[in-house]
**Student:** 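Quick one: the structure is below, questions incoming.
Note on naming: letters A, B, ... go to the chains in the order of the sequence lines (proteins, then strands), and numbering restarts at 1 for each one.
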Amino acid sequence: MPPQENTPDRPDSRENDERYDAQRVEQKWFERWQQDASLYAAEPDSRKKKYYVLEMLPYPSGALHMGHVRNYSIGDALARYMWMNGYNVLHPMGWDSFGLPAENAAISNNTPPREWTLRNIANMKAQMKRLGFAYDWSREVTTCLPDYYRWNQWFFLKLYERGLTYRKKSRVNWCPKCATVLANEQVVNGNCWRHEDTPVEQRELEQWFVRTTQYADELLRGLDRLEGWPDKVRTMQRNWIGRSEGTLVDFKIDGNAGSAGSTITVFTTRVDTIYGATSIQLAPEHPLVADFVRFNQPLGESVQKLIAEQRKAKEEGDIGEIEKHGVNTHRFAINPYNGEKVPIWIANYILMDYGTGAIMSVPAHDERDHDFAKKYKLEIRLVILPISNDPEETMAEPQLPFCSHDGMTINSGAFSNLRSDDAIQKMSAYAQEKGFGKATVTYRLKDWGISRQRYWGTPIPMLYCEKDGIVPVAEKDLPVILPDNVDITLTGGSPLGRVPEFVYATCPKCGGPARRETDTMDTFVDSSWYFYRYTDANNSHAPFDGKTAQYWFGERGIDQYIGGVEHAILHLIYSRFWTRFMRDLGMITNDEPAERLFTQGMVIKDGAKMSKSLGNVVSPDVMVARYGADAARMYSLFAAPPDRDLDWQDTGIEGIQRFLGRVYRFFVRNTKPADPAWRGPVPSDLSPEARAIQRKLHQTIKRVSDDFQGRWHFNTCISAVMELVNVLYAAEDAIARQAVPVPFLADVQRNLVLLLAPFAPYLAHELWEMLGETSNLLKAPWPRYDAELAKEEEIEIPVQVSGKLRSRVTVPAGATEAFVIEKALADEKVQAAVAGKQIVKKIYVPGKMVNLVVK
RNA sequence: GCCGGGAUGGCGAAAUUGGCAGACGCAGCGGACUUAAAAUCCGCAGGGCUCAAAAGGCCUGUGGGGGUUCGAUUCCCCCUCCCGGCACCA
């Protein structure tokens with residue numbers, strides 16, 4: 001007798017055939033997709049509606065993490081859905097591949113940054129392909145290659161031509177671990193954004209700045225129209241730009257004038273309180289302070305203390321908690337509104353880098369000034385009477401020594417008895433008329449410092465000539481190539497400065513010797529415009545062709561941008577700036593880079609962000625090897641709505657694996673493409689069992705389609721598809737009895753595959769083939785639902801008595817109110833509940849519920 | 001302090017317009033299949049009380065307190081806690 005294993009009709013063998021071998025199937029499709037490079041390619045086509053869906057490009061750190069998988073699973077599902085809906089979809093991917101980690105790796109493993117970076121890219125690209133993400137790799141952008149960064153340099157020259165970049169010596173943020181300067185946006189709570197335990201230092205350096213403030217107001221106003229962006233991001237950007245309307249007022253210094261002038265200009269948002277100004281407060285680093293010290297040497301020491309205090313607090317990130325200190329200069333300034341002499345103080349809570357670095361201190365109407373005045377016994381003078389809706393409160397409040405909100409002016413000379421807003425306007429106009437001030441706007445936003453004293457970045461295309469000074473590299477000489485084989489250390493300034501072949505150049509103006517700029521650009525320059533490069537990634541004459549970009553961007557930009565909220569300020573404000581800059585160069589016509597932005601939640605595990613130190617990192621490679629790419633992708637969409645944090649549970653992905661196996665098994669058992677009836681017409685009169693399936697199918701199509709259009713709650717989309725599969729399993733008996741017509745079942749299965757395609761592309765392609773379909777599933781038309789077919793024939797109506805659920809009655813879908821109420825009243829449980837009571841009101845919400853109110 | 005977001009079973013979550021709270025999944029329990037296990041399929045399942053048990057019945061329940069309403073996870077007011085952002089910004 002032959003060994004049992006070889007017996008073909010052994011029950012086990014059937015089970016083996018039914019079992020979904022994700023690795024085998026995914027490998028098969030992976031290989032097929034590799035062979036067709038043009039599968040996901042898109043070209044401008046005026047006959048088709050375009051859809052540009054973009055996930056933020058990753059830094060090639062070495063390997064994908066689950067956050068990437070989640071991000072790309074969302075984008076890929078959307079791209080596939082839009083393809084199936086007939087759109088011309090652009091779905092590209094690239095690498096934000098300049099940056100410090102490559103240099104750190106070079107130091108610790110003695111691997112050149114280029115090699116390290118390109119190896120990481122190769123690895124991560126392979127991971128993305130294995131995960132089945134549908135990217136058009138013919139448009140791949142790698143920012144560390146000269147093909148790309150030469151255009152950073154080109155843009156830099158354009159910025160320079162337009163006065164949008166300039167060189168300035170100033171105090172800048174310095175991270176000792178990165179050994180480079182940081183932009184304001186890269187300082188988090190006084191620490192480096194990459195080293196959260198490392199306070200930034202202030203250093204005096206000459207740096208290149210990009211004039212982002214030129215567009216401050218437009219960047220702010222633009223936010224109002226970005227309705228497709230999360231409120232959170234818009235609010236963060238508004239706060240960051242920090243627009244503040246106020247008034248500049250010149251106070252004349254009484255007595256000797258020093259080299260820094262004879263007036264102190266203060267900035268205030270509350271000029272209506274100026275009659276209550278009882279002192280002037282200067283920032284310790286205000287240029288006038290030196291003049292006062294010159295006339296009063298002992299002051300110098302106190303000022304040094306204040307400066308030290310303020311710097312320390314800034315570095316520690318608790319400038320907000322600093323104890324208020326000040327010194328009296330014993331000098332006076334004259335309030336131009338009333339001619340009053342007020343003392344000039346220097347205080348540690350006044351910041352030189354906001355407003356003018358000088359304020360008028362109004363203790364009665366500003367909390368900080370109030371604290372300060374109490375401490376140093378300065379006069380507190382009430383000049384605003386609060387207005388309240390409550391007359392009693394209005395009467396009571398003037399007794400208070402302090403009120404920070406607006407009201408009616410009092411004790412304010414010709415400007416008394418005005419509402420605050422009115423007073424502000426009149427008093428600003430008066431200042432302007434008399435020439436001692438004007439209405440103005442200040443911003444918190446500062447110009448973007450883009451110089452980095454690092455190697456692995458875009459060389460800034462500038463030269464310093466002894467004769468001609470700062471000279472831009474000629475456009476024809478671009479790119480300025482970043483040399484290989486550079487000695488990298490994290491100390492001692494820009495590594496490029498140690499490469500003589502790089503540094504010594506010829507001045508394009510006079511032909512004499514010149515030094516090259518040895519700093520490189522902030523990598524956020526690279527990511528400020530990369531999505532335009534995708535439209536024309538292989539262009540060697542320009543960053544991109546205008547017409548091509550116009551097709552993909554149109555007037556509204558990227559249709560859907562998806563990424564992490566950590567870029568809410570950095571990347572997303574720089575790229576909004578860059579878009580306006582390019583628009584003003586005439587390269588594009590859109591004002592904003594992206595019409596819609598989606599910020600997905602983090603992937604966490606055991607309640608904490610995944611990190612090596614906590615040992616709770618889940619590797620996508622392990623998940624793909626264990627459960628398959630479809631399961632990993634689908635679970636990352638199923639476990640939570642995409643905008644919320646996702647708590648990764650290994651047992652959860654097992655559930656998805658089971659579900660995929662369940663779908664596959666159903667298809668193995670019930671797919672009969674050889675049956676002549678398989679492709680026959682779907683009969684119109686269906687059995688109740690078949691009708692139940694049909695109803696569920698159309699309900700599911702509706703739910704999934706609606707979610708793609710609106711809420712993006714892919715977790716519930718997937719639940720809906722699971723419910724449909726459960727209904728199919730429940731009908732297996734009916735199918736066995738042939739109560740479900742074969743062509744109908746075939747149609748249901750085709751629709752099920754289409755519904756699955758955005759979420760589990762590998763399995764969907766396999767099933768599509770099993771069904772005998774030969775068309776390209778990627779572009780197969782998305783199913784349409786029929787509202788009539790989705791309707792229930794009978795509905796169960798809950799019956800409440802005085803708001804409490806007492807029973808349920810089953811009625812035909814179109815039943816009249818009278819019929820439903822009659823049926824409810826006839827119900828035994830309802831009768832018991834209303835027995836002996838009077839029904840005072842009968843409420844019927846059509847199709848939803850009955851409520852009988854009793855007394 | 002200010003601005004966002006959140007709090008629902010043992011767990012992840014659902015309830016789209018004020019109308020059956022807990023869909024779907026995980027973990028759990030029970031059954032079928034199996035010599036057995038795995039896999040698979042079917043079923044049960046918020047909590048409490050009642051009943052010998054089951055069926056059933058009753059009460060209660062969406063962070064806490066109040067309100068509007070026939071009816072509130074959903075709307076309004078107050079409060080607590082958690083997460084994120086901003087913060088002497090004049």
**Student:** Which stems does RNA chain B form, counting runs of 3 or more consecutive Watson-Crick or G-U wobble pairs with both distances under 3.5 Å?
**Tutor:**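 Detected stem regions: B:1-7 with B:80-86, B:10-12 with B:24-26, B:28-32 with B:40-44, B:46-50 with B:56-60, B:63-67 with B:75-79.
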**Student:** Under 4.0 angstrom, heavy atoms only, what part of the nucleic acid is Ile797(A) near: base, sugar-phosphate, or nothing?
**Tutor:**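 Nothing, no heavy atom under 4.0 Å.
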**Student:** Check whether any side-chain N or O of Arg243(A) sits under 4.0 Å from OP1 or OP2 of C89(B), and answer yes or no.
**Tutor:**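 Answer no for this pair, as no side-chain N or O of Arg243(A) is under 4.0 Å from OP1 or OP2.
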**Student:** Need one value for Pro641(A): base, sugar-phosphate or nothing, where a base atom within 4.0 Å counts as base even if backbone is also close, heavy atoms only.
**Tutor:**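 Counting heavy atoms under 4.0 Å across all strands, the contact made by Pro641(A) is with sugar-phosphate only.
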**Student:** Looking only at side-chain N and O atoms, does Arg658(A) come under 4.0 Å of OP1 or OP2 in C26(B)?
**Tutor:**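 Yes, such a contact exists.
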**Student:** Check whether any side-chain N or O of Lys702(A) sits under 4.0 Å from OP1 or OP2 of U16(B), and answer yes or no.
**Tutor:**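 So the side-chain polar atoms of Lys702(A) never come under 4.0 Å of the phosphate oxygens OP1 or OP2 of U16(B).
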**Student:** Which nucleotide in the set C86(B), A90(B), C41(B) lies at the smallest distance from any side-chain heavy atom of Arg665(A)?
**Tutor:**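 Nucleotide nearest to Arg665(A)'s side chain: C41(B).
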**Student:** For Tyr664(A), check side-chain hydrogen bond (donor to acceptor under 3.5 Å, both in side chains) against everything at least two apart and list the hits.
**Tutor:**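 Once residues adjacent in sequence are excluded, Tyr664(A) has no partner under the side-chain hydrogen bond (donor to acceptor under 3.5 Å, both in side chains) criterion.
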**Student:** Looking only at the side chain of Asn715(A) (C-beta and beyond, no hydrogens), which of the listed nucleotides C24(B), A13(B), A90(B) gets closest?
**Tutor:**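 Selected nucleotide: A13(B).
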**Student:** Taking atom P of G85(B) as reference, at what distance in whole Å does atom NZ of Lys232(A) sit?
**Tutor:**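 Taking NZ of Lys232(A) and P of G85(B), I get 8 Å after rounding.
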**Student:** I'd like to know if the side chain of Ser420(A) pairs up with that of Asp272(A) as donor and acceptor (distance under 3.5 Å, no hydrogens or angles considered).
**Tutor:**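 Distance-only check passes for Ser420(A) and Asp272(A).
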**Student:** Which whole-number value in Å describes the distance from Glu828(A) CD to G57(B) P?
**Tutor:**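 That distance rounds to 11 Å.
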**Student:** Output yes when at least one side-chain N/O atom of Thr235(A) is less than 4.0 Å from OP1 or OP2 of G85(B), else no.
**Tutor:**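 Checking G85(B) against Thr235(A), no side-chain N or O comes under 4.0 Å of OP1 or OP2.
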**Student:** Quick one, Asp231(A) with Arg234(A), criterion salt bridge (charged side-chain N to carboxylate O under 4.0 Å, His left out). Give me CA distance, side-chain angles, the key distance, then yes/no.
**Tutor:** CA-CA 5 Å; Asp231(A) 284 341; Arg234(A) 294 203 282 170; 3.2 Å; yes
**Student:** Is there, by distance only and without an angle test, a donor paired with an acceptor across the side chain of Lys324(A) and the base of C88(B) below 3.5 Å?
**Tutor:**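 Answer is yes: a donor-acceptor pair is held.
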**Student:** Would you say the side chain of Lys374(A) lies within less than 4.5 Å of the side chain of Pro363(A), judging by non-hydrogen atoms?
**Tutor:**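 No, side chains not in contact.
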**Student:** Is it the case that the side chains of Thr247(A) and Ser428(A) hold a donor-acceptor pair, with the cut-off being a distance below 3.5 Å and no angle test?
**Tutor:**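 The answer is yes; a qualifying pair exists.
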**Student:** Donor-acceptor pair under 3.5 Å: do we get one between Arg808(A)'s side chain and the base of C20(B)?
**Tutor:**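 Counting by modelled atom types and ignoring angles, a donor-acceptor contact under 3.5 Å is found here.
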**Student:** Taking the side chain of Met236(A) as its heavy atoms from C-beta onward, which of G85(B), G19(B), U40(B) lies nearest to it?
**Tutor:**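 Comparing G85(B), G19(B), U40(B) against the side chain of Met236(A), the answer is G85(B).
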**Student:** Mind checking if Lys804(A) touches a base, just sugar-phosphate, or nothing, with heavy atoms under 4.0 Å?
**Tutor:**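 Contact class for Lys804(A): sugar-phosphate only.
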**Student:** Give a yes/no on whether any side-chain N or O of Arg234(A) is located under 4.0 angstrom from OP1 or OP2 of G4(B).
**Tutor:**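 The answer is no; no side-chain N or O of Arg234(A) sits under 4.0 Å from OP1 or OP2.
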**Student:** Rounding to the closest angstrom, what is the interatomic distance between G10(B) and G22(B) at atom C1'?
**Tutor:**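 My reading of the C1' atoms in G10(B) and G22(B) gives 14 Å.
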**Student:** In whole Å, what is the span from the CD atom of Glu323(A) to the P atom of C88(B)?
**Tutor:**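 Value for this atom pair: 17 Å.
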**Student:** Are Tyr627(A) and Ile656(A) packed together at the side-chain level, in the sense that at least one heavy-atom pair is separated by less than 4.5 angstrom?
**Tutor:**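 Counting from C-beta outward, Tyr627(A) and Ile656(A) never come under 4.5 Å.
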**Student:** Which is it for G9(B), anti or syn, if anything within 90° of zero counts as syn?
**Tutor:**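 Here G9(B) takes the syn form, which means its glycosidic angle is within 90° of 0.
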**Student:** Here's a test of your reading of the structure: between Thr356(A) and Val850(A), which maps to the more 5' nucleotide of RNA chain B?
**Tutor:**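 Checking each residue's closest nucleotide, the 5'-ward one belongs to Val850(A).
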**Student:** Does Tyr275(A) have any ring pair (Phe, Tyr, Trp, His ring centres under 6.0 Å) partners at least two apart in sequence or in another chain, and if so, which?
**Tutor:**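 Here no residue qualifies.
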**Student:** Using atom CD of Gln237(A) as one end and atom C1' of C86(B) as the other, report the distance to the nearest whole Å.
**Tutor:**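 Going from Gln237(A) (CD) to C86(B) (C1'), I get 14 Å.
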**Student:** Sticking with atom P, work out how far C20(B) lies from U74(B), rounded to a whole angstrom.
**Tutor:**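 Pairwise P distance, C20(B) against U74(B), rounds to 13 Å.
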**Student:** Hey, does Gly655(A) reach any base, or is it just sugar-phosphate, or nothing, if we go heavy atoms under 4.0 Å?
**Tutor:**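 Here Gly655(A) touches the backbone only, sparing every base.
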**Student:** Round to a whole Å and report the spacing from CD1 of Ile274(A) to C1' of A90(B).
**Tutor:**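 Result: 12 Å.
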**Student:** Please state the P separation for the pair G18(B) and U73(B) - nearest whole angstrom.
**Tutor:**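 Going atom to atom, P in each nucleotide, I get 13 Å.
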**Student:** Does Lys446(A) have more than 12 heavy atoms from other residues, nucleotides or ligands lying within 6.0 Å of its NZ?
**Tutor:**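 Check passes, neighbour count above 12.
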**Student:** For the P atoms, the ones on U62(B) and on A7(B), what distance do you get once it is rounded to whole angstrom?
**Tutor:**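 Per the computed distance, 14 Å lies between those P atoms.
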**Student:** Using heavy-atom distances to pick each residue's nearest nucleotide on RNA chain B, tell me which of Arg806(A) and Asp231(A) is more 5'.
**Tutor:**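 Counting from the 5' end, the first nearest nucleotide belongs to Asp231(A).
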**Student:** Any side-chain N or O of Arg662(A) below 4.0 angstrom from OP1/OP2 of G25(B)?
**Tutor:**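 So the side-chain polar atoms of Arg662(A) never come under 4.0 Å of the phosphate oxygens OP1 or OP2 of G25(B).
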**Student:** Looking only at heavy atoms, which two atoms of Phe372(A) and Ala347(A) are closest? And how far apart?
**Tutor:**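 In terms of heavy atoms, the two residues are closest at CE1-CB, 3.9 Å.
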**Student:** Would you mind telling me which of A7(B), C24(B), C20(B) lies closest to the side-chain atoms of Leu805(A)?
**Tutor:**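 That would be C20(B).
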**Student:** So what does Tyr729(A) hit on the nucleic acid, given a heavy-atom distance under 4.0 Å: a base, only sugar-phosphate, or nothing?
**Tutor:**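 Sugar-phosphate only.
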**Student:** In whole angstrom, give the distance that lies between atom OH of Tyr20(A) and atom P of U40(B).
**Tutor:**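 The distance from OH of Tyr20(A) to P of U40(B) comes to 15 Å, rounded to the nearest Å.
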**Student:** Reckon Lys841(A) has a side-chain N or O less than 4.0 Å from the OP1 or OP2 of C70(B)?
**Tutor:**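 Yes, such a contact exists.
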**Student:** Would you kindly give the CD1-to-P distance between Ile424(A) and A90(B), to the nearest whole Å?
**Tutor:**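 Result: 12 Å.
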**Student:** If you only use heavy atoms from C-beta on, which nucleotide in C89(B), A90(B), A27(B) is closest to the side chain of Thr651(A)?
**Tutor:**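 For Thr651(A), the side-chain atoms sit closest to A27(B).
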**Student:** What's Asp706(A) touching, base or sugar-phosphate or nothing? Going by heavy atoms closer than 4.0 Å.
**Tutor:**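 Nothing: the residue Asp706(A), judged by heavy atoms under 4.0 Å, touches no strand.
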**Student:** Provide the distance between the two P atoms, one in G61(B) and one in G67(B), to the nearest whole Å.
**Tutor:**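 Per the computed distance, 15 Å lies between those P atoms.
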**Student:** Rounded to whole angstroms, how far apart are CD1 on Ile604(A) and C1' on G6(B)?
**Tutor:**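 Those two atoms, CD1 and C1', are 12 Å apart.
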**Student:** Are Phe638(A) and Cys717(A) close enough that some pair of their side-chain heavy atoms sits under 4.5 Å apart?
**Tutor:**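 No. Closest side-chain heavy atoms not under 4.5 Å.
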**Student:** Quote, to the nearest angstrom, the P distance that separates A23(B) from U16(B).
**Tutor:**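 The same atom, P, in both gives a distance of 15 Å.
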**Student:** Measure from the side chain of Ser719(A), starting at C-beta and using heavy atoms only, and say which of G19(B), A90(B), C24(B) lies closest.
**Tutor:**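 Nucleotide nearest to Ser719(A)'s side chain: C24(B).
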**Student:** Check the phosphate of G4(B) against Asn239(A), side-chain N and O only, distance under 4.0 Å to OP1 or OP2. Yes or no?
**Tutor:**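 For G4(B), neither OP1 nor OP2 has a side-chain N or O of Asn239(A) closer than 4.0 Å.
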**Student:** Roughly how many Å apart are A13(B) and G6(B), using the C1' atom of each and rounding to a whole number?
**Tutor:**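 Roughly 14 Å separates the two C1' atoms.
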**Student:** Give a yes or no on whether the ring-centroid distance for Phe251(A) and Phe436(A) is below 6.0 angstrom.
**Tutor:**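 Centroid separation for Phe251(A) and Phe436(A): 6.0 Å or greater.
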**Student:** Distance check, P atoms only: A21(B) and A45(B), in whole angstrom units.
**Tutor:**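 Approximately 16 Å lies between the P atom of A21(B) and that of A45(B).
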**Student:** Between A90(B), C41(B), A13(B), which nucleotide gets closest to the side-chain atoms of Ala640(A)?
**Tutor:**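 The listed nucleotide nearest to Ala640(A)'s side chain is A13(B).
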**Student:** Looking across every strand, which nucleic acid part, if any, lies under 4.0 Å from Met849(A) by heavy atom: base, sugar-phosphate, or nothing?
**Tutor:**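 Base contact - Met849(A) has a heavy atom under 4.0 Å of at least one base atom.
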**Student:** Compute both the distance and the angle, then confirm whether Arg662(A) meets the cation-pi test with Tyr729(A): under 6.0 Å from the six-membered ring centre, within 45 degrees of the axis.
**Tutor:**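 Yes, Arg662(A) lies over the aromatic ring of Tyr729(A).
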**Student:** Just call it for Lys605(A): base, sugar-phosphate, or nothing, with non-hydrogen atoms closer than 4.0 Å on any strand.
**Tutor:**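 No contact.
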**Student:** Just N and O in the side chain of Asn851(A): are any of them under 4.0 Å from OP1 or OP2 of G19(B)?
**Tutor:**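 False: Asn851(A) side-chain N/O out of range (4.0 Å or more) of G19(B) OP1/OP2.
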